[in-house]
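What follows is a single structure, written as structure tokens, with notes after it.
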Amino acid sequence: MSFVEYGDTIKDGDTAIVFLGHESMFPVKVQHGTVTQTKYGVIRHSTDLIGKKYGSKVTCSKGGWVFILHPTPELWTMNLPHRTQILYSTDISIITMMLELKPGSIVCESGTGSGSLSHALIRTVAPTGHLYTVEFHHQRAEKAREEFREHGVEHLVTVTNQDVCKNGFGVSNIADAVFLDIPSPWEAIGHAKSALKAEGGRICSFSPCIEQVQRTCLAMEEYGFTEINTLEILLRVYNVKTISLQIPDLGKAAEDNSSTGFDSSHPSHQGSPCANLQQGTVQFKSGVPLREVVGHTGYLTFATKS
Amino acid sequence: AMEGGPSARIREGDCAVLKRDEVFKAVSVLRRRKIIFEKQWFYLDNAIGHIYGTTFEVTSGGNLQPKQEVEETPTETKEAGTDNRNIVDDGKSQKLTHDDIKALKDKGIKGQEIVQQLIENSTTFRDKTEFAQDKYIKKKKKKYEAVITIVKPSTRILSTMYYAREPGKINHLRYDTLAQMLTLGNIHAGNKMIVMETCAGLVLGAVMERMGGYGSIIQMYPGGGPVRAATSCFGFPKAFFDNLHEFPLSKVQSLLSGTFTTETLPADPEENPLVEEESNGLSEEKQTSLQETEEEPAPEAPMEINPTEEQDTMDINAEDVEFKENKEKENKENVREKQMKQWERRKKLKEAAALLREKNADGLIVASKFHPAPLLLSLLEFVAPSRPFVVYCQYKEPLLECYTKLRERGGVINLKLSETWLRNYQVLPDRSHPKLTMSGGGGYLLSGITVILEKGRADSSNSEALKMEEPSSKRCKLQDLPC
């Protein structure tokens, strides 16, 4: 396996995702002789994992079972250990498309943070592209390097431990795209410009606060970027549920058998709301919004180097 | 295409996208071909050789000229008002008449100069607030300084263009929704993808762009053949199409049941199996050059039977025979060509069938006008376990059905029904605010991951389904049932 190439069988050294059920999963480093504890019991790597196909069901010692999944950047984003606030796949998707990333692209990124976006970028530019990622925190930079190694993608990424606002990305005139997720992106616009190829490079800056966005847009204009555009994207998830609503009792008209209320036996009421007069309920399938939704992650500002 | 190398230049035969502010239009770059765009007529000839991203002005002759970088006159502290309480909009504040402006235009005066003239001849300009002056200038510039940028097509550009110009052709698939599909589907180099779309080939093109020519794609198609009008706009190198296969939906059932045969091909339109598309945002004239060109049907045999002068000679029988022989030869050639083509098609079909039969695709993308449930349920059979799939639908209800049917089927986890909301912002000092909200109208997505399907164990799939739902106490509440 690798984060940039699918494999069929679980191998020693792989990072696999253990799926326990609804929104419950965690990553595991597959290793001969190791065991992993789950609420369903123990998983023995040597017998339960290694050699099995990805997508297999594994029964744990207590009898419950789990699925073992091939890692993807999207699953990694949902399960990675957070060292910082991370970007989620909704933002990552639009960033990838608006920066026009594809196999062979050269991308610069700062800060590396917990590597959520990094893994997605590496996946997209593989096998012939490269990610130059800059992180000013020493331990985070080290941890990122370690993870890229473990995930078999170190040949596609260079982690540099420095301050992008002072020292830039370490490359010049070659990047197809630059991404900034730092507190003061306006201080790095100049460096971004010099890292980008001569014509047509794309830049994106992510900031939670509008004041940061304002300063960044000004800086982009000053440095001659065009097509400056700010947007935000929000994900709305729906739960699929069968809903039963009670039919109210509106009583009967005098002497009459027919009710003046909702007459479910009326031909116009046949069809999707399937009435159940005995129980006095109507059932239907609905996509119900979640109770708690993400209201804001950050503003995304894109521009083109002319 | 080389990345990080020299910037791409506009070449004859390219599909290029014209851009003016937020308006896009795809055109074929051909010499002496009149283009209409944003109320302007011009030829693209002068653009050839320039780098993509260059901005042009339209000269009075209908030719393009690269726009000179003009230093904006530094804003000296101009006279400005504080608010509009005394500004009366009587339509008389501009002293230049329509004819005056036309005269300026005819003289060949540049847009910039016209805007300056308008400002100087406006009685209310200096009373406007600075912001209002800014807005006024921007508006006039937009009208009189008509500049066009020629940009290189990409998923970003084409998906935005199609959504704005011809959303009906792409089932109202908004570009941010497409972006989600590509990421949720883990589309990347080396995949073996199954794509079923009726979005003019836009989704196929987007998938191809993210695969960079590596891996393979099997495009499922309804009817006579796949539509790839938008795909050709991307300008992919020919090699990208070497591993692009197609397979008719009408043969899916037979493939799944093991009764597939190439003996009865789907309705075979004589020439191109690729359906031509009428205006799809391309230049007004029919751009047949943009369609993926298959070999023309067998051309009329070049050897025209020209009766020679000797026609009238005595040996009429011999001539007749020769005539007949030539005609037979010609017919045989036609028939042979036709047979060759049929054989080619059969071969390709068998190849595609073989790829599907392996049942090891790395992912499935569905985005069509058809009800998604039958497509999903059948095409998932060809996908390997532990791989993502994404289904797009303009409407939510069919995806509710898909969800339910998938739960019954089993073999999928992490089902998620979602849509994305997008909001654009105007960001200016002291004038930052959202521009528009786009929600609803962008379509919905159902995504999930395959797992090994254990067939014939109803309770197994039931307990799986239960596991996938939320814990029961929450479920009770959400269903509003008396507990």
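Throughout, protein chains are lettered first and strands after them, A, B, ... in sequence-line order, and every chain is numbered starting at 1. FYI, side chains are in, hydrogens and waters are out, and symmetry mates aren't considered; it's all heavy atoms of this structure.
- When all heavy atoms of A:Lys102 and B:Glu209 are compared, the pair lying nearest together is CB-O, 3.4 Å.
- The distance from the CD1 atom of A:Ile233 to the CG atom of B:Asp176 is 4.5 Å, given to the nearest 0.5 Å.
- We find the OH-OG1 distance between B:Tyr425 and A:Thr230 to be 9.5 Å, quoted to the nearest 0.5 Å.
- No side-chain heavy atom of B:Thr183 sits less than 4.5 Å from a side-chain heavy atom of A:Thr124.
- Listed here is the closest heavy atom pair of B:Pro385 and A:Gly55: CB-CA, 4.2 Å.
- The greatest number of non-hydrogen atom pairs below 4.5 Å with chain A, out of B:Leu400, B:Thr404, B:Leu184, B:Ile157, is found for B:Leu400.
- In this structure, chain A has no heavy atom under 4.5 Å from any part of B:Leu399.
- With a 4.5 angstrom heavy-atom cutoff, B:Met211 touches chain A only via backbone atoms.
- Contact of the B:Leu422 side chain with the A:Leu231 side chain is registered, since non-hydrogen atoms from C-beta on lie closer than 4.5 Å.
- Proximity to chain A (any heavy atom under 4.5 Å) is shown, for B:Leu415, by neither the backbone nor the side chain.
- When every heavy atom of B:Asn414 is checked against every heavy atom of A:Phe19, the shortest pair comes out as OD1-CE1, 3.9 Å.
- With contacts defined as side-chain heavy-atom distances shorter than 4.5 Å, the pair A:Leu69/B:Ile449 qualifies.
- No part of A:Val125 comes within reach of chain B, as not one of its non-hydrogen atoms sits under 4.5 angstrom from that chain.
- Interface check for chain B: of the options A:Ala126, A:Ala198, A:Pro127, A:Ala120, the most heavy-atom pairs under 4.5 Å are formed by A:Pro127.
- With chain B as partner, the option from A:Leu235, A:Asp8, A:Ile68 having the largest number of non-hydrogen pairs under 4.5 angstrom is A:Leu235.
- Of the listed residues A:Glu221, A:Met98, A:Met25, A:Arg215, the one with more heavy-atom pairs under 4.5 angstrom with chain B than any other is A:Met98.
- With hydrogens and angles ignored, the 3.5 Å screen pairs a side-chain donor or acceptor of B:Ser386 with a backbone N or O of A:His70.
- Heavy atoms of B:Ser159 lying under 4.5 Å from chain A belong exclusively to its side chain.
- Across all non-hydrogen atoms, the minimal contact from B:Arg210 to A:Leu101 is CD-O, 3.7 Å.
- In terms of heavy-atom pairs under 4.5 Å with chain A, the best-connected choice from B:Arg156, B:Lys396, B:Gln426 is B:Arg156.
- Contacts classified as side chain to side chain donor-acceptor pair (under 3.5 Å) and involving residues 434-453 of chain B (residues at least two apart or in different chains) are given here: B:Arg423-B:Thr437.
- Closest approach of A:Lys53 to B:Ile452, counting heavy atoms only: CB-CD1, 4.2 Å.
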- Item | Derivation of the salt bridge (Lys or Arg N to Asp or Glu O under 4.0 Å) call for B:Glu419 and A:Arg236 | CA-CA 5 Å; B:Glu419 77 171 318; A:Arg236 285 287 174 272; over 6 Å; no
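- When side chains are defined from C-beta on, B:Leu182 does not count as touching A:Ser93, because their heavy atoms never get closer than 4.5 Å.
- Remark: side-chain polar atoms of B:Gln180 are paired, donor with acceptor, to backbone N or O of A:Thr90 under 3.5 angstrom.
- With contacts defined as side-chain heavy-atom distances shorter than 4.5 Å, the pair A:Thr128/B:Tyr214 qualifies.
- Annotation: maximal heavy-atom pairing with chain B below 4.5 Å, among A:Ser306, A:Cys217, A:Gly287, occurs at A:Gly287.
- Interface residue B:Ala189: backbone and side-chain heavy atoms are both found under 4.5 Å from chain A.
- In this view, A:Asn79 satisfies the side chain to side chain donor-acceptor pair (under 3.5 Å) rule with no residue, not counting sequence neighbours.
- Taking the centre of each ring, A:Tyr6 and B:His188 come in below the 6.0 Å mark.
- Around the OH atom of B:Tyr395, the shell of radius 6.0 Å holds no more than 12 heavy atoms that belong to other residues, nucleotides or ligands.
- The shortest side-chain heavy-atom distance between A:Glu100 and B:Thr155 does not fall under the 4.5 Å cut-off.
- A salt bridge between B:Arg20 and A:Glu227 is absent, with no side-chain N of the basic residue lying under 4.0 Å from a carboxylate O of the acidic one.
- Around the CE atom of B:Met438, the shell of radius 6.0 Å holds more than 12 heavy atoms that belong to other residues, nucleotides or ligands.
- Between B:Lys416 and A:Val237, the closest heavy-atom pair is CG-CG1, 3.9 Å.
- Neither the backbone nor the side chain of A:Ile17 comes within less than 4.5 Å of any heavy atom in chain B.
- Contact of the A:Lys285 side chain with the B:Glu401 side chain is not registered, since no non-hydrogen atoms from C-beta on lie closer than 4.5 Å.
- The candidate from A:Glu199, A:Gln214, A:Met97 with the greatest count of non-hydrogen atom pairs under 4.5 Å with chain B is A:Met97.
- For chain A, the nearby part of B:Lys19 is the side chain; its heavy atoms alone come within less than 4.5 Å.
- In this structure, B:Glu358 places its CD atom where more than 12 heavy-atom neighbours from other residues, nucleotides or ligands lie under 6.0 Å away.
- Of the atoms belonging to B:Asn360, not a single heavy atom falls under 4.5 Å from chain A.
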